Structures are given as C-alpha cells and as structure tokens.
Participant: 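The structure is given below, and queries will be raised subsequently.
What you see is a predicted model; the values in this text were computed from it and never measured. Quick note on labels: first sequence line is chain A, next is B, and so on, each numbered from 1.
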Amino acid sequence: MKTNYLAATTLALGAALFAGNSNAEDTATGTSTATVIAPIEITAMLPLAFGSFVAGTGGSVTVNTDNTRDVTGLVVESAVGTVSAARFDVDGTGAATYSIAIDDDAILSGPGVPMVLATCSALVGAASCATGANITEGTLVAGAQSFYVGGTLLVAASQAEGDYSGTFDVTVEYN
Amino acid sequence: MKSKWLPVALGVLFPCSAEAAEIVVVPTRELAFGAFVAGPGKVVIPAVGARTRIGSVILLSSDGGSMAQFSVTGDDGTTFAISLPADGMVFLDNGSSNMPVNKFTSNPSATGSISGTRMISVGATLDVAAGQATGSYSGNFTVIVDYN
C-alpha cells in the first residue's frame, strides 16, 4: 500500500510541473501617449502704416520691421501720422513649428494711381527690409509667437494727395 | 513491490529537471502617437514606418510619435508567438476624456525566433473625435509572448 501511494504522489507532482510551466510565457505592459493640441490661430494686431509724406518727384518709402521709416528719391517725410510695421500674433500649443505665407506684393488704392508695395518680414524687428525674402517658418514659444511685416512703397512723381489703403494676406499652418 | 514502482517515478521526474531558459519580454520604448490637432479621424502608428493620419486630424511634424518596442530573450533558436490586445481593450485617457486604441500590429507580425535579444515593434490606430479635448493622454497595453 505504501509503494502504491508513493507512485501516485510522484505522478501528481510530475503533472503539476508540466502544466504550470511559466517559463514558456511572459507578459509586458507597454505605455502609450498622445498630445492633442489647439488649432493654430493668427490675429492682425497692428497695420502696416507708412504715415504721411510729400510725394515730391517720386521715389519710395520703406517701413522697416522695427517701425523705422526710410525714403528714397525726392519723397519727403512728414512727422504727421503713425508709422508702424504690421504685427501678427500667432497662437497655438507648446513649441510647435508652423509655416508662414505672406503675400509678396500689395496694392494701395486711393485718389491717385495705385501704389505698389513689396513686403518684407521678420520674427524680430530690425532696421532693414529685405523685400522678396519673406520669412516662411516659425516656432511657437509656450504656444505663442509674433512676427512683423514691413515693406517698400513705390511713389509716383505725380502721386495725388490723399489717403491710400490696401490689404495683404498672411497664412500660418502647423507643419 | 517497492522496486516495481521506482522506475515509473523516475521516468516522470527526469524531463522536468532539464528546463528551457524562460522567455522574457520587456518594454523598451513606448507607443507614442505624438502631437496633433483634433478633428474626426485617426492617427496611425504602423509597426514599421512613419506616422500617418486618416480624416481631419492635423499632424504636427515636430512631435511625430513612434512605434513601441519590446525586447524578447529566451532559448536561442526557439520560436515564439506574439499576442496583442484585441480591439476595444485599450484607451488613452486625460483624466476626463479618452481615445480608443485599436488595430494593434507588430513586426514580426505573429511569430518570431529568438536569437540573443530579439526586438519586436508594435503599432496601433488611435481614434480621435471631432471635439477631442486638448491635453496629454496616456494609457497602458499588454503584450504576451509564448514559446510555440
């Protein structure tokens, strides 16, 4: 009887070792993350203002991205009126990068022949205006960034007196 | 009587003492869906390749996500099977809303063979709702490997 019992116990032990073999399987837990960000938005905060000037026999007026103004030809500056580069405020999330598309040209219409404007731009204002080389990329800092748009306006010799105005488009897109 | 039973007992015990090296799977990189603007759609992280989107989700390239990675070690030369979560089991949560994670895939796709440390990558598809709240979402998922 004793030996029968021993054999039965041994067989039972053998079965347990085969069935519960945890060496043959393992489980890992992975983590997963995602960040949902706010849509990008742009707001025009300040217009591009050339201020007042006397046309003289024509030339050009330039507003630099740091709000300073330069003239060429026989255009004479007047202290009347505000001079400012346009400022755009961009809002989004975190340190996202985004593309910037600024119209290279604009037309100012008024009492006389339209005046053609070539734009320039910078993330940080500077006493310069490189037309035909607008910025194309920005990176938000804590979800925000501003940039500035200046330009060079061509003034005709017989440019009629009065107020002239126009618009230009700026588009930003996460990339 | 005693000697008749002894060979039987020994025959049962011996195979169990020659054990195979245990199979071990360890996460080495998380499954990151990256950053994106919500819109009705999905963000897809394949097991191999770059992130893509379906529908109106806008992907942010400066945070492009990546597939998860796990290391598998065990008996060199043996094959193993990979078990991934079924659809409807995994969600990323931000504390108040969640996004389902489905269509888990892996590379290798179902089985692999062990040679030193074997890496497997895991991808999946994240469902994004139209008004999904902004913020950071996270969750867990289980990967099982078996000798087969």
Participant: Closer than 3.5 angstrom, by distance alone: can the side chain of A/T31 be matched with the main-chain N or O of B/E30 as a donor-acceptor pair?
Facilitator: no
Participant: Of the backbone (N, CA, C, O) and the side chain (C-beta and beyond), which part of B/A38 lies under 4.5 Å from a heavy atom of chain A, both, or neither?
Facilitator: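 Interface part for B/A38: both.
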Participant: Of all the heavy-atom pairs spanning A/G30 and B/P27, show the shortest one and how long it is.
Facilitator: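 The answer is CA-CB, 4.4 Å.
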Participant: Going by heavy atoms in the side chains, are A/V36 and B/F36 under 4.5 Å from each other?
Facilitator: yes
Participant: Between A/S32 (side chain) and B/L31 (backbone), is there a donor-acceptor pair under 3.5 Å?
Facilitator: yes
Participant: Treating A/D26 as the side-chain partner and B/V145 as the backbone partner, does any N or O pair qualify as donor plus acceptor under 3.5 Å?
Facilitator: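 No: the side chain of A/D26 does not pair with the backbone of B/V145.
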Participant: At a heavy-atom distance under 4.5 Å, which candidate from B/S138, B/G135, B/S83 has the highest pair count against chain A?
Facilitator: B/G135
Participant: Apply side-chain contact (heavy atoms from CB on, under 4.5 Å) to residues A/T93 and B/T134 and explain how you reach the verdict.
Facilitator: CA-CA 9 Å; A/T93 302; B/T134 59; 5.6 Å; no
Participant: With a 4.5 angstrom heavy-atom cut-off, is it the side chain or the backbone of B/L126 that approaches chain A, or both, or neither?
Facilitator: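 For B/L126, the contact with chain A is made by the side chain alone.
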Participant: Which bit of B/A81 is near chain A, if near means a heavy-atom gap under 4.5 Å: side chain, backbone, both or neither?
Facilitator: neither
Participant: Counting only heavy atoms from other residues, nucleotides and ligands, does the tally under 6.0 Å from CD of A/E161 exceed 12?
Facilitator: no
Participant: What part of B/F141 is in contact with chain A, defined as an atom under 4.5 angstrom from a non-hydrogen atom: side chain, backbone, both or neither?
Facilitator: both
Participant: What about B/I144 and B/F70, same hydrophobic cluster or not, with Ile/Leu/Val/Met/Phe/Trp/Tyr joined at side-chain heavy-atom distances under 4.5 Å?
Facilitator: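 No, separate clusters.
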Participant: Can you tell me which of B/N148, B/L92, B/T142 forms the most heavy-atom pairs within a distance under 4.5 Å of chain A?
Facilitator: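 Highest number of heavy-atom pairs under 4.5 Å: B/L92.
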Participant: Should we say atom CE of B/M89 is surrounded by more than 12 heavy atoms from elsewhere, each under 6.0 Å from it?
Facilitator: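 No, because the 6.0 Å sphere around CE of B/M89 holds 12 heavy atoms or fewer from other groups.
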Participant: Mind listing the closest non-hydrogen atom pair of A/E25 and B/D146 along with its distance?
Facilitator: OE1-OD1, 2.6 Å
